[in-house]
Novice: 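Mind looking over this structure? Questions follow.
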Amino acid sequence: MELSLSARDSAFRDEVRRFLDEKLTPDLRETGKLMTSVYADYDTTMRWHGALYEKGWVAPAWPVEYGGCDWTVMQHYIFASEFATAGAPPLSPMGVGMCGPVLIGHGSPEQKAYYLPRILSGEDFWCQGYSEPGSGSDLASLQMSAVDMGDYFLCNGSKIWTTHANYANRIFNLVRTSKEDIPQRGITFLLIDMDTPGVKVEPLIMLSGEHIQNQVFFTDVKVPKANVVGKVGQGWTVAKYLMEFERGGHAYAPGLHARLKRIRAMAAEERGSDGLRLIDQADFAARLASAEVEITALEFTEHRIMSALSQGGAPGPESSLLKTRGTELSQHLTELALEAIAHYALPYQPHATHPGGPVPGFTPPKGNATPVGPQHSWPVTSKYLNDRAGSIYAGTNEIQRNIMAKAVLGL
């Protein structure tokens, strides 16, 4: 695998930088710097989605025939690295990164023709209906029912921790269409319009004070059978395919490198009680160096997986490795950032940040109170609180280690 920049790659990098200079406006950059979540707020997401759609870069990892880009592995990585370095806000992964790939891999021709262009354009904004109260890591125990009524399924139950369901117009769901001896059987992958009568969304407020998560209730919701992806009763196979992309279909390392660079800048500015800069303290400098080594190791693992993806493969069980190390390193960086800003970590000031959703009690994105401390310190505490969920969402890291033990080590 060739990792050095060719003349073609250098030209591509320059094209990406020109695009960012032109389209990544100062307010979008500011949002990227002050984000506290892995998600940007809805309005920012859709503005940036529109700019990328106009350029043809919304879903570069998709096959070209569905709107993707004919890029090399290195060009995909250049794209991710330049976006992370520039502080571009992320797109919502639910449509482009999850539902789109699963439709490409398992959808009917009619589903692909209808939904994929709408995902690309942003006309459809998706959320994910997997977890239920009592069925999170043990997802196969899900109980939301879908009863066969002839031409449609009648759905009853609820989904929880549903990101941005308060904005989404569609949800991809796992539902139980039959009860079998093995719980993974009898599960069906179903697409549901959020405007269907009987669908109700209730907010869940996060530890950081943001409204990003929701619980979605389904009461006698009628869903056409044409909305089944794959075959009835074989949704577990479809779901596993999707989760590989959720956990390992993107690059963690570019964003982690960019965040580590910002922490180094903080540590070069902040001084301890002894008057010394934090960056000059041997113990903290060693921990920064250790984090860089671990991120670089993750980066080369991502290179190998992206090479496989570029040849039409799926992430496979390696996605569990990326998800585990990526989220644990992300949490580690939030801890280093807290230490870097010292006493400025104490004030709770979400009005000074740009969260992924509304913050109760404040008028997002800005309130009237004067922020305390240097700007680089404002989002650190909220980011630390928000990122505690990283090792839980998309399958807990304990579950990921079980997958690695079974599928990779054969234990």
Side-chain angles (χ1 to χ4, degrees), residues 93-95 97-116 118-119 124-163 165 168-201 214-247 249 314 394-395 399 403:
M94 304 301 177
M98 294 185 226
C99 191
V102 86
L103 288 172
I104 291 170
H106 291 272
S108 68
E110 294 78 14
Q111 289 170 340
K112 294 175 186 178
Y114 182 75
Y115 290 113
L116 293 179
R118 296 168 65 93
I119 292 174
D124 282 347
F125 190 78
W126 289 83
C127 60
Q128 180 188 49
Y130 273 23
S131 295
E132 298 178 5
S135 296
S137 295
D138 183 20
L139 186 58
S141 67
L142 66 89
Q143 296 299 313
M144 178 175 167
S145 65
V147 178
D148 190 337
M149 303 298 289
D151 294 334
Y152 63 90
F153 287 108
L154 190 66
C155 296
N156 284 278
S158 72
K159 297 293 178 178
I160 201 167
W161 311 122
T162 313
T163 300
N169 66 323
R170 299 190 188 278
I171 182 171
F172 52 90
N173 263 22
L174 288 181
V175 297
R176 185 161 296 285
T177 45
S178 64
K179 293 188 176 181
E180 311 287 346
D181 293 337
I182 299 176
Q184 286 83 355
R185 296 175 182 169
I187 292 174
T188 298
F189 195 101
L190 197 59
L191 310 177
I192 301 179
D193 189 328
M194 293 289 282
D195 293 329
T196 307
V199 178
K200 181 180 181 182
V201 178
N214 303 270
Q215 186 167 4
V216 185
F217 296 89
F218 301 85
T219 304
D220 292 336
V221 176
K222 297 180 179 179
V223 183
K225 283 189 173 179
N227 287 20
V228 172
V229 178
K231 295 182 179 180
V232 173
Q234 297 184 16
W236 190 253
T237 298
V238 180
K240 287 194 298 181
Y241 181 84
L242 182 149
M243 285 188 284
E244 289 180 4
F245 283 91
E246 180 180 7
R247 296 165 180 165
I399 293 294
I403 292 172

Novice: Please confirm whether the backbone N or O of G150 pairs with a side-chain atom of D148, one donor and one acceptor, at under 3.5 Å?
Specialist: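 Looks like yes, one N/O pair under 3.5 Å.
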Novice: Return yes if a side-chain donor-acceptor contact under 3.5 Å exists between D195 and N169, otherwise no.
Specialist: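 Looking only at side-chain atoms, N169 and D195 do not form any donor-acceptor pair under 3.5 Å.
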Novice: Classify the angle between the aromatic ring planes of F172 and F189 as parallel (below 30°), tilted (30 to 60°) or perpendicular (above 60°).
Specialist: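 Parallel, since the angle between the ring planes stays under 30°.
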Novice: Consider only side-chain N and O atoms of N156 and D220, and report whether a donor and an acceptor are under 3.5 Å apart.
Specialist: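 The answer is yes; a qualifying pair exists.
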Novice: Whether the side chain of T162 engages the backbone of Q215 through a donor-acceptor N/O pair (distance < 3.5 Å, no angle test) should be reported.
Specialist: no
Novice: Think K159 forms a cation-pi with Y130, using NZ or CZ under 6.0 Å from the six-ring centre and within 45 degrees of its axis?
Specialist: no
Novice: What I'd like to find out is whether the side chain of L191 reaches to under 4.5 Å of the side chain of Y115, using heavy atoms alone.
Specialist: yes
Novice: Determine, step by step, whether L103 and L116 satisfy the side-chain contact (heavy atoms from CB on, under 4.5 Å) criterion, reporting the C-alpha distance in whole Å, the side-chain angles of both residues, the deciding distance to 0.1 Å, and the verdict.
Specialist: CA-CA 8 Å; L103 288 172; L116 293 179; 4.2 Å; yes
Novice: Got a second to check how far L190's CG is from K225's NZ, nearest 0.5 Å?
Specialist: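 With rounding to 0.5 Å, CG (L190) is 11.0 Å from NZ (K225).
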Novice: Will you find, in the side chains of S145 and Q143, an N or O donor that is under 3.5 Å from an N or O acceptor?
Specialist: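 Q143 and S145 do not have a side-chain donor-acceptor pair below 3.5 Å.
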Novice: Donor-acceptor pair, distance only, cut-off 3.5 Å: does the side chain of R170 make one with the backbone of G95?
Specialist: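 No, R170 side chain to G95 backbone: no donor-acceptor pair under 3.5 Å.
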Novice: Quick one, V223 and Y152 - any side-chain contact, counting heavy atoms below 4.5 Å?
Specialist: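 With C-beta onward as the side chain, the pair stays apart.
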